[in-house]
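Report on one structure; see the data block that follows.
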Amino acid sequence: MPDFANHPLPRELVQSESRHSHAAGAPPALVPVTLTVNGKEMKLSLDVRTTLLDALREHLRLTGTKKGCDHGQCGACTVHVNGRRVNACLSLAAAHEGDRITTIEGLGCPARLHPMQQAFVEHDGYQCGYCTAGQIMSGVALLGEPCGPADADVREAMSGNICRCGAYRNIVAAIQDVRRR
Ligand code: FES
Ligand code: FES
């Protein structure tokens, strides 16, 4: 118990200081979270601060979803939540209790690629591949979004997905190919 009478700081600050030092040494609070990931129910026990991205990569070992900026600026971490694209680095896993999450692993497999994956292969829609999972997840989500027919419309709709290799022309070609089909 702090000695309030002889402490140089006001009582309120001492109490706050004491609370924080206790919190710093305490183990993180864990919460149960159930997610349906790629069609399978997953029960996790997570630090409340765990992002959806870290839950997928670090806890479920689904490393197809990439961490680029970790600040919502690059789109490498794009997944689908209940069918809509989301930056998984900006979203807390605990906020998705009961939600349906789809990652690149749930889209297709090497023996049976999703049409968008196939189109990326056919149009060389990648170079290093680091942004590619996010690009494909965004491209698939875009198919169900209002988007004009022009390449410029696709570029605008995909503007949240950055490609450091500059494969933009081929990415747009791949998405337009799937849209035409
Ligand atoms: Fe999420 Fe860059 S890692 S937007
Ligand atoms: Fe390298 Fe896009 S293919 S960052």
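This chain uses plain numbering: 1 for the first residue, then up along the sequence. Counting convention: from 1, in listed order, for ligands and their atoms alike.
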Quick check: are there more than 12 heavy atoms from other residues, nucleotides or ligands sitting under 6.0 Å from CZ of R181?
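Yes, because the 6.0 Å sphere around CZ of R181 holds more than 12 heavy atoms from other groups.
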Step through the shown structure and confirm whether more than 12 heavy atoms of other residues, nucleotides or ligands are within 6.0 Å of CD on E156.
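It does not: E156 CD has 12 such atoms or fewer within range.
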Answer yes or no: is there a donor N or O on one side and an acceptor on the other, between the side chain of [X] and the main chain of [Y], under 3.5 Å?
X	Y	result
N161	G75	yes
Y126	C131	no
N87	C89	no
E58	L53	no
E97	T34	yes
H71	C69	yes

Sub-4.0 Å atoms of ligand 1 with respect to non-hydrogen atoms of [X]:
X	value
G72	4 (S)
C77	1 (Fe), 3 (S), 4 (S)
C89	1 (Fe), 3 (S), 4 (S)
D70	2 (Fe), 3 (S)
Q73	4 (S)

Which pair of non-hydrogen atoms, one from A157 and one from C147, has the smallest distance, and what is that distance?
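Between these two residues, the closest heavy atoms are CB-SG, 4.1 Å.
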Got an N, O or S from C69 under 2.8 Å of atom 2 (Fe) of ligand 1?
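Looking at C69, which is the residue asked about, there is an N, O or S atom under 2.8 Å from atom 2 (Fe) of ligand 1.
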Is the distance from atom 2 (Fe) of ligand 1 to the nearest N/O/S atom of C74 under 2.8 Å?
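Short answer: yes, at least one N, O or S atom is under the cut-off.
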Closer than 2.8 Å to atom 1 (Fe) of ligand 2 - protein N, O or S atoms, ordered by chain and residue number
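Those protein N, O or S atoms (cut-off: under 2.8 Å from atom 1 (Fe) of ligand 2) are C128 SG, C165 SG.
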